[in-house]
Amino acid sequence: MARTRAHVYVSGRVQGVYYRATTRETAREQGVDGWVTNLDDGRVEAVFEGSEDDIEAMLDFCHEGSKRANVTDVEVTYEDPEGLDGFEVRW
């Protein structure tokens, strides 16, 4: 199965609202590899690797996020997969 990679920046109220933890849980449920982290400018950055369908599901999730989040923008860049294994929250 071909893998794809999406590099994502999410803007809005996405820090302090369990966005990273919910992203990790959702990615693991989807079988997507990668990572998620908070940025100093208030955005969340994430990388997802997996099948095209699973990546699209994660991108749909990113537009909603956790229940307490208020997403205003999602920027996506597609890149060559690097073979990530597992999904983690980076600090």
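No experiment lies behind these values; they were computed from the predicted model shown.
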Indicate yes or no: at least one non-hydrogen side-chain atom of Val74 is less than 4.5 angstrom from one of Val8. yes
Applying a strict under-4.5 Å side-chain criterion to I, L, V, M, F, W and Y, I'd like to know whether Met58 and Val17 cluster together. yes
Cationic N near anionic O, under 4.0 Å, Arg43 to Asp73: no
Taking atom OG1 of Thr4 and atom CG of Asp80, what is their separation to the nearest 0.5 Å? 9.0 Å
Keeping the roles fixed (side chain from Glu49, backbone from Arg3), state whether a donor-acceptor pair exists under 3.5 Å. no
Got Thr23 and Phe61 here, is their nearest side-chain heavy-atom distance under 4.5 Å? yes
Nearest 0.5 Å please: distance from the OG atom of Ser11 over to the CG atom of Asn70. 11.5 Å
Under a single-linkage definition using a 4.5 Å side-chain heavy-atom cutoff for Ile, Leu, Val, Met, Phe, Trp and Tyr, are Val36 and Val71 assigned to the same hydrophobic cluster? yes
What I want to find out is whether Arg24 reaches Glu88 closely enough, with some N-O distance under 4.0 Å, to be called a salt bridge. no
Taken to the nearest 0.5 Å, the spacing of Leu84 CG from Arg5 CZ works out to 5.0 Å
Looking only at side chains, do Glu75 and His7 share a donor and an acceptor under 3.5 Å apart? no
Value for CG (Asp41) from OH (Tyr9), rounded to nearest 0.5 Å, stands at 9.5 Å
Distance (rounded to the nearest 0.5 Å) between Arg20 CZ and Arg90 CZ: 12.5 Å
Just checking Glu79: does its CD atom have more than 12 heavy atoms from other residues, nucleotides or ligands closer to it than 6.0 angstrom? yes
Restricting to non-hydrogen atoms, name the atom on Tyr19 and the atom on Ala69 that form the minimum distance, rounded to 0.1 Å. CD1-CB, 3.9 Å
Is Trp91 reachable from Val44 through a run of hydrophobic residues whose side-chain heavy atoms are each under 4.5 Å from the next? yes
Should Val89 and Val47 be regarded as members of a common hydrophobic cluster, given that ILVMFWY residues are connected when their side-chain heavy atoms come within less than 4.5 Å of each other, either directly or indirectly? no
Quick one: are Val76 and Leu59 in side-chain contact, heavy atoms under 4.5 Å? yes
Heavy-atom pair of closest approach, residues Val14 and Gly42: CG2-O, 3.5 Å
Got a second to check how far Gln30's CD is from Ile55's CD1, nearest 0.5 Å? 9.0 Å
Name the orientation class of the two ring planes belonging to Phe87 and Phe48 (parallel below 30°, tilted from 30 to 60°, perpendicular beyond 60°). parallel
